[in-house]
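Accompanying notes for the structure given below.
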Amino acid sequence: RLKEEGIVLLEAQIKKDGSVDGIRILENSKFPRLDEAAKAGVAKWILKPATRDGIPCVDRIRLPIQFRLKEKRG
(Lines give C-alpha, C1' and ligand atoms only; values in the text may rest on other atoms or scores of the structure.)
Protein backbone atom coordinates (compact mmCIF):
# COMPACT_ATOMS: atom_id res chain seq x y z
CA ARG A 1 0.00 0.00 0.00
CA LEU A 2 2.83 2.40 0.78
CA LYS A 3 4.78 1.41 -2.35
CA GLU A 4 8.02 0.96 -0.40
CA GLU A 5 10.74 -1.21 -1.89
CA GLY A 6 14.37 -1.72 -1.03
CA ILE A 7 17.17 -3.95 0.15
CA VAL A 8 18.31 -4.14 3.76
CA LEU A 9 21.75 -5.60 4.44
CA LEU A 10 21.87 -7.23 7.86
CA GLU A 11 24.62 -8.86 9.85
CA ALA A 12 23.40 -11.63 12.14
CA GLN A 13 25.22 -13.59 14.79
CA ILE A 14 24.26 -17.25 14.62
CA LYS A 15 24.55 -19.39 17.75
CA LYS A 16 25.72 -22.99 17.87
CA ASP A 17 22.10 -24.20 17.80
CA GLY A 18 21.36 -22.17 14.64
CA SER A 19 19.25 -19.51 16.32
CA VAL A 20 19.89 -15.83 15.72
CA ASP A 21 21.54 -14.10 18.66
CA GLY A 22 21.95 -10.54 17.44
CA ILE A 23 21.21 -8.48 14.34
CA ARG A 24 22.51 -5.16 13.12
CA ILE A 25 21.75 -3.17 10.02
CA LEU A 26 24.78 -2.64 7.78
CA GLU A 27 22.87 -0.82 5.02
CA ASN A 28 19.32 0.41 5.39
CA SER A 29 16.60 0.44 2.76
CA LYS A 30 15.73 4.13 3.31
CA PHE A 31 12.42 2.95 4.81
CA PRO A 32 12.48 2.32 8.59
CA ARG A 33 9.44 0.01 8.37
CA LEU A 34 11.25 -2.28 5.96
CA ASP A 35 14.42 -2.26 8.05
CA GLU A 36 12.52 -3.26 11.18
CA ALA A 37 10.49 -5.90 9.31
CA ALA A 38 13.72 -7.45 8.02
CA LYS A 39 15.21 -7.58 11.52
CA ALA A 40 12.01 -9.03 13.02
CA GLY A 41 11.78 -11.72 10.36
CA VAL A 42 15.42 -12.81 10.57
CA ALA A 43 15.24 -12.90 14.39
CA LYS A 44 12.82 -15.85 14.06
CA TRP A 45 14.98 -17.89 11.70
CA ILE A 46 16.77 -21.11 12.63
CA LEU A 47 19.75 -21.70 10.37
CA LYS A 48 22.29 -24.44 9.93
CA PRO A 49 25.18 -23.33 12.15
CA ALA A 50 28.74 -23.00 10.92
CA THR A 51 31.10 -25.79 11.92
CA ARG A 52 34.79 -26.09 12.59
CA ASP A 53 36.16 -29.60 12.50
CA GLY A 54 32.57 -30.84 12.46
CA ILE A 55 31.62 -29.00 15.66
CA PRO A 56 28.95 -26.26 15.56
CA CYS A 57 30.32 -22.80 16.36
CA VAL A 58 29.13 -19.22 16.67
CA ASP A 59 29.47 -17.23 13.47
CA ARG A 60 28.37 -13.98 11.83
CA ILE A 61 26.73 -13.80 8.42
CA ARG A 62 25.57 -11.02 6.11
CA LEU A 63 22.04 -11.25 4.80
CA PRO A 64 20.59 -9.06 2.05
CA ILE A 65 16.81 -8.91 2.49
CA GLN A 66 14.94 -7.60 -0.54
CA PHE A 67 11.46 -6.09 -0.43
CA ARG A 68 9.88 -5.85 -3.86
CA LEU A 69 6.32 -5.06 -4.87
CA LYS A 70 4.45 -7.64 -6.90
CA GLU A 71 3.33 -6.60 -10.34
CA LYS A 72 -0.43 -6.68 -10.81
CA ARG A 73 -1.56 -8.87 -13.66
CA GLY A 74 -4.49 -8.19 -15.90
> Would a 4.5 Å heavy-atom cut-off, applied to side chains only, mark Leu9 and Leu63 as touching?
Replying inline: no

> In a check of side-chain contact (heavy atoms from CB on, under 4.5 Å) between Lys15 and each of Ile46, Asp21, Val20, which one passes?
Replying inline: Asp21

> At their closest point, which heavy atom of Pro64 faces which heavy atom of Ile7, and how far apart are they?
Replying inline: CB-CG2, 4.3 Å

> What closest approach, in Å, do Leu34 and Gly6 show between heavy atoms, and which atom pair accounts for it?
Replying inline: CD1-N, 4.0 Å

> For Glu36, what residues pass the salt bridge (charged side-chain N to carboxylate O under 4.0 Å, His left out) criterion, not counting sequence neighbours?
Replying inline: none

>> Checking Val8 against Phe31 for the side chain to side chain contact (heavy atoms under 4.5 Å, CB included) test, could you report, in this order, the C-alpha distance in whole Å, the side-chain angles of both residues, the deciding distance, and whether it holds?
In response: CA-CA 9 Å; Val8 183; Phe31 297 104; over 6 Å; no

> Hey, what do you get for NZ (Lys16) to CD1 (Ile55), rounding to the nearest 0.5 Å?
Replying inline: 8.5 Å

> For the residue pair Pro49 and Pro56, what are the closest heavy atoms and their distance?
Replying inline: CG-CB, 4.1 Å

> With distance as the sole test, does Asp35 use its side chain to make a donor-acceptor pair with the main-chain N or O of Ser29 at under 3.5 Å?
Replying inline: yes

>> Once rounded to the nearest 0.5 Å, what's the spacing between atom CZ of Arg24 and atom CZ of Arg60?
In response: 7.0 Å

> Roughly how far apart are Arg62 CZ and Leu10 CG, rounded to 0.5 Å?
Replying inline: 11.0 Å

> Distance from Ile61 atom CD1 to Ile14 atom CD1, nearest 0.5 Å?
Replying inline: 4.0 Å

>> Just verifying a value: how many Å separate Lys3 NZ and Leu69 CG, rounded to the nearest 0.5 Å?
In response: 7.0 Å

>> Quick check against the 3.5 Å criterion: does Asp17 have a side-chain atom that pairs as donor or acceptor with the backbone of Ser19?
In response: yes

>> Check this for me, if you would: do Glu5 and Arg68 make a salt bridge, where the nitrogen-to-carboxylate-oxygen distance has to be below 4.0 angstrom?
In response: no

> Closest heavy-atom contact between Phe67 and Ala37?
Replying inline: CZ-CB, 4.1 Å

>> Pair Ile23, Glu11 - check side chain to side chain contact (heavy atoms under 4.5 Å, CB included), show working.
In response: CA-CA 6 Å; Ile23 303 169; Glu11 181 180 75; over 6 Å; no

